[in-house]
Amino acid sequence: MQRAGADYIHVDVMDGHFVPNLSIGPMVVKALRAHTTLPLDVHLMIESVDAFIPHFAEAGADIITVHAEAGAHAHRSVQLVKSLGKRAGLSLNPATPADAVDYLIDALDLVLVMSVNPGFGGQGFIANQIGKLASLRRKIDASGRAIELEVDGGIDAATAPLAIAAGADVLVAGTASFQGGAACYAANLQRLRGGP
Ligand code: ZN
């Protein structure tokens with residue numbers, strides 16, 4: 001994916017509690033770190049997140065994103081990420097309003113809009129998240145800070161232009177990036193960026 005032109009390697013971490021699936025832990029992030037110089041964008045879909053943040057930081061994550069819904073203390077989690085010298089992201093599930101970022105925006109480096117319910121790949125894009133992206137774009141611009149607006153879930157050649165038009169500047173794509181195998185990765189990424 002690095003050779004194919006990707007900007008980030010997005011890593012979905014799931015705990016079987018916050019989301020109904022289990023995936024990888026810090027050991028796998030550490031193994032990935034050895035294989036790419038791209039920023040590792042680690043998306044923590046887990047509860048009790050604060051206990052795990054230092055492990056992912058140590059494993060080589062560059063961006064650590066926590067969910068607004070994963071506990072009562074998103075502010076503390078974001079501060080913990082920052083204190084470890086990493087870029088901090090806040091992720092919003094489809095039912096969480098854009099206003100959830102209001103009292104955290106001064107600390108954030110990235111806002112991640114979930115355009116599917118987190119847990120599994122291959123789901124369809126939830127169209128009303130476009131309005132939330134546009135609303136977050138306005139908040140980020142008003143903050144004057146360099147905060148990336150990322151969208152994750154159901155991104156393909158049809159939905160990517162809608163997300164970009166609404167103000168997203170980082171697109172996460174699993175299925176649409178990997179389809180067709182390694183020979184197709186570069187063309188797949190180019191199509192998501194609006195190329196032919
Ligand atoms: Zn993700």
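Keep in mind that what you see is a predicted model, and the values were worked out from it rather than measured. Both counts, for ligands and for their atoms, begin at 1 and track the order of listing.
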Query - Cationic N near anionic O, under 4.0 Å, Asp99 to Lys139 - result: yes

**Report entry** Gln79 side chain to Lys82 side chain, donor-acceptor N/O pair below 3.5 angstrom
**Finding:** no

Requested in this report: Return the orientation label for the His67 and His43 ring planes: parallel under 30°, perpendicular over 60°, tilted otherwise.
Outcome: parallel

Query raised in the report: Under 2.8 Å from the Zn ion (ligand 1), which protein N/O/S atoms are there?
Result: His10 NE2, Asp12 OD1, His43 ND1, Asp152 OD2

Query - Salt-bridge criterion met for Asp109 and Lys86 (N-O under 4.0 Å) - result: no

Query raised in the report: Going by atom types alone, do Asn188 and Ser177 pair a side-chain donor with an acceptor below 3.5 Å?
Result: no

Report task. Group every Ile, Leu, Val, Met, Phe, Trp and Tyr by side-chain heavy-atom contacts under 4.5 Å, then state whether Val78 and Ile105 land in the same group. Result -> yes

